[in-house]
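Atoms within a ligand are numbered from 1 in the order they appear, just like the ligands themselves.
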Amino acid sequence: MQVVVLDSAAEVGEYAAGVILRGVSHGTVKTLGVATGSSPLAIYKALERHRSPELSALSAFALDEYVGLAPDHPESYAAVIRREVTDRLGLDPGRVHVPDGGAADLAAACLDYEAAIKAAGGIDLQILGIGRNGHIGFNEPTSSLASRTRVKTLMSATRRDNARFFADVTQVPSLCLTQGLGTIMEARTVLLVANGKAKAQAVARAVEGPLASMCPASVLQMHPHATFVLDREAASDLALKDYYRDVQDQMLR
Ligand SMILES: N[C@@H]1[C@@H](O)[C@H](O)[C@@H](COP(=O)(O)O)O[C@@H]1O
């Protein structure tokens, strides 16, 4: 696992966008895993500034979706991804996939999603944020570390955190579809971005804590190509901060 600590959220976005753009130009990133939440927005804005025909040719798979919000609801992840990713990067909407939270048969929609990822040849680079409880996608604490795309119940803390996007917490759905931790682990490269003090504990548990389903992001300790890109505050609870800085300095030489 690599840990990169930068001065600001804007730098976190630029750095992550740079990794993606290099992958696109080398031809190693053709299918991007995209995340919602506020943390990855700086990445999409940075990518938009570097829009190119190669970038717009990417396929994309979202991590998760609420159950029961129509795709045209402004806070459905289908709508968020359309606004923040598809439109900004000029992607072909036919190549941008979001789990179908409105399906009559949700279990079948989850299997279809797994099949679509497989048919696309897997995800080359997965962007992740992290919840304050250590969730990635919507894999809440105690999610199986081997889980696949499925229906999950959201914790009330997660619904409260996400209530800022809705009129009030009662409007936040309590069910969702999310790629599983096993699904996420199959992405060839993972880039997790986090900003701000509120994420510091979750980041420290994920990077330095025990591998445990109580902190779902800790599963990334088992990933061969996972990088955490953090601003100073999100990195502030890491015990080995100085070591990560030394490694970073070595890499820049
Ligand atoms: N399902 C998303 C996650 O993918 C995201 O990582 C998390 C944190 O969001 P933010 O970056 O806004 O703190 O929010 C939601 O729960």
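With hydrogens left out, the protein atom closest to atom 9 (O) of ligand 1 is G37 CA, 3.7 Å, a heavy atom. At the top of the distance list for atom 13 (O) of ligand 1, counting protein heavy atoms only, stands K199 NZ, 2.6 Å. Closest to atom 7 (C) of ligand 1, if we only count protein heavy atoms, is H135 NE2, 3.7 Å. For atom 11 (O) of ligand 1, the closest heavy atom belonging to the protein is S39 OG, 2.5 Å. Ranking the protein heavy atoms by distance from atom 5 (C) of ligand 1 puts T36 O, 4.1 Å first.
Listed by number with element, the atoms of ligand 1 under 4.0 Å from a non-hydrogen atom of R164 are 10 (P), 12 (O). Taking a cut-off of under 4.0 Å to the non-hydrogen atoms of N162, the atoms of ligand 1 that pass are 15 (C), 16 (O). Near Y77, the atoms of ligand 1 lying under 4.0 angstrom from a non-hydrogen atom of the residue are 1 (N), 2 (C), 15 (C). Close approach of ligand 1 to G129 is summarised as follows: ligand atoms under 4.0 Å from at least one heavy atom of the residue are 6 (O). Using a 4.0 Å cut-off to heavy atoms of F138, the atoms of ligand 1 that qualify are 1 (N), 15 (C), 16 (O).
The closest approach between G137 and ligand 1 falls below 4.0 Å for a heavy atom of the residue. For the ligand labelled ligand 1, residue R132 lies outside the 4.0 Å heavy-atom shell. Within the structure, the closest approach of E65 to ligand 1 does not fall below 4.0 Å when heavy atoms are considered.
Taking the six-membered ring where the residue is Trp, the centroids of F138 and Y66 are separated by under 6.0 Å.
Using a 4.0 Å cut-off between a side-chain N of Lys or Arg and a carboxylate O of Asp or Glu, E54 and K30 do not qualify as a salt bridge. Comment: K197 does not engage E233 in a salt bridge, judged by the lack of any side-chain N to carboxylate O separation of less than 4.0 angstrom. Ionic pairing of R82 and D87 is not present here: no N-O contact between side-chain nitrogen and carboxylate oxygen is shorter than 4.0 angstrom. The pair R148-E186 meets the salt-bridge criterion, since a charged nitrogen lies less than 4.0 angstrom from a carboxylate oxygen.
Checking only distances, S38 does come within under 3.5 Å of ligand 1, N or O to N or O. Taking only nitrogen or oxygen atoms, main chain and side chain alike, T158 does not reach within less than 3.5 Å of ligand 1.
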#### Entry: I136 and T178: CA distance, side-chain angles, deciding distance, side chain to side chain contact (heavy atoms under 4.5 Å, CB included) verdict
CA-CA 9 Å; I136 50 178; T178 181; over 6 Å; no
### Task
Determine, step by step, whether V34 and L63 satisfy the side chain to side chain contact (heavy atoms under 4.5 Å, CB included) criterion, reporting the C-alpha distance in whole Å, the side-chain angles of both residues, the deciding distance to 0.1 Å, and the verdict.
CA-CA 6 Å; V34 290; L63 279 170; over 6 Å; no
### Message
side chain to side chain contact (heavy atoms under 4.5 Å, CB included), that's the test. Do H135 and S143 meet it? Break it down for me.
### Response
CA-CA 9 Å; H135 74 224; S143 287; over 6 Å; no
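Only the backbone of I130 comes within 4.0 Å of ligand 1, counting heavy atoms alone; no side-chain atom from C-beta on gets that close. Residue D64 touches ligand 1 through its side chain alone, judged by heavy-atom distances below 4.0 Å.
Each of T31, D124, T28 was compared with R188 under the side chain to side chain donor-acceptor pair (under 3.5 Å) criterion, and only D124 meets it. Here the options are R150, E114, K118, the test is side chain to side chain donor-acceptor pair (under 3.5 Å), and the partner is T183; only E114 passes.
Residues T189 and Q126 bring no donor and acceptor atom of their side chains to less than 3.5 Å of each other.
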